[in-house]
Amino acid sequence: MNFIYMIIMGLIVGVIARAIKPGSDAMGWVMTIVLGIIGAVVGGFIASALNLNANGGFMGLVLSVIGSIIVLVIYEMIAGKRPR
């Protein structure tokens with residue numbers, strides 16, 4: 001059950017991050033889910049660095065979206081895409 005929850009939340013976080021960040025990010029559903037999951041991991045590192053409790057809830061969602069946006073920016077830098 002946790003795996004299905006992780007996939008659903010990864011999709012939600014990835015879609016929100018792609019909607020907030022400007023520019024066109026051509027990626028499918030699977031890559032959006034992976035983006036959300038990796039963003040949640042990055043958000044967890046941010047939470048631990050700031051000594052915040054982000055185990056679920058709204059703060060966890062916000063930090064996951066921030067982490068996903070950071071991952072998108074790094075992905076664009078590596079892939080050589082320029083923001084529009």
Side-chain angles (χ1 to χ4, degrees):
M1 187 67 172
N2 287 336
F3 186 70
I4 295 171
Y5 177 75
M6 180 178 63
I7 290 173
I8 292 170
M9 288 308 294
L11 177 64
I12 292 169
V13 168
V15 167
I16 292 172
R18 287 180 60 198
I20 291 175
K21 191 195 151 301
S24 66
D25 301 312
M27 60 177 66
W29 290 101
V30 174
M31 287 305 295
T32 302
I33 292 170
V34 170
L35 168 71
I37 293 171
I38 294 173
V41 171
V42 172
F45 284 130
I46 293 171
S48 65
L50 297 176
N51 202 17
L52 296 173
N53 182 12
N55 293 332
F58 183 72
M59 184 59 103
L61 179 69
V62 169
L63 287 172
S64 296
V65 170
I66 291 171
S68 295
I69 292 172
I70 291 170
V71 171
L72 269 175
V73 169
I74 292 171
Y75 171 75
E76 284 185 353
M77 290 170 57
I78 292 172
K81 294 182 179 179
R82 296 184 181 233
R84 295 179 184 185

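Note that these values count all heavy atoms, side chains included, but never hydrogens, waters or copies made by symmetry.
Between Ala17 and Ser68, the shortest heavy-atom distance links the atoms CB-CB, 3.5 Å.
No path of Ile, Leu, Val, Met, Phe, Trp and Tyr side chains, each step under 4.5 Å between heavy atoms, connects Val41 with Leu35, placing them in separate hydrophobic clusters. Under the 4.5 Å side-chain heavy-atom criterion for ILVMFWY residues, no single connected hydrophobic cluster contains both Phe45 and Leu63.
Remark: Ile16 CD1 to Leu61 CG distance equals 5.0 Å, nearest 0.5 Å. Here the CD1-CE distance, from Ile37 to Met6, works out to 4.5 Å after rounding to the nearest 0.5 Å. To the nearest 0.5 Å, the span separating CD1 on Ile33 from CD1 on Ile12 amounts to 10.5 Å. Going from atom OH of Tyr75 over to atom CE of Met31 covers 6.0 Å, rounded to the nearest 0.5 Å.
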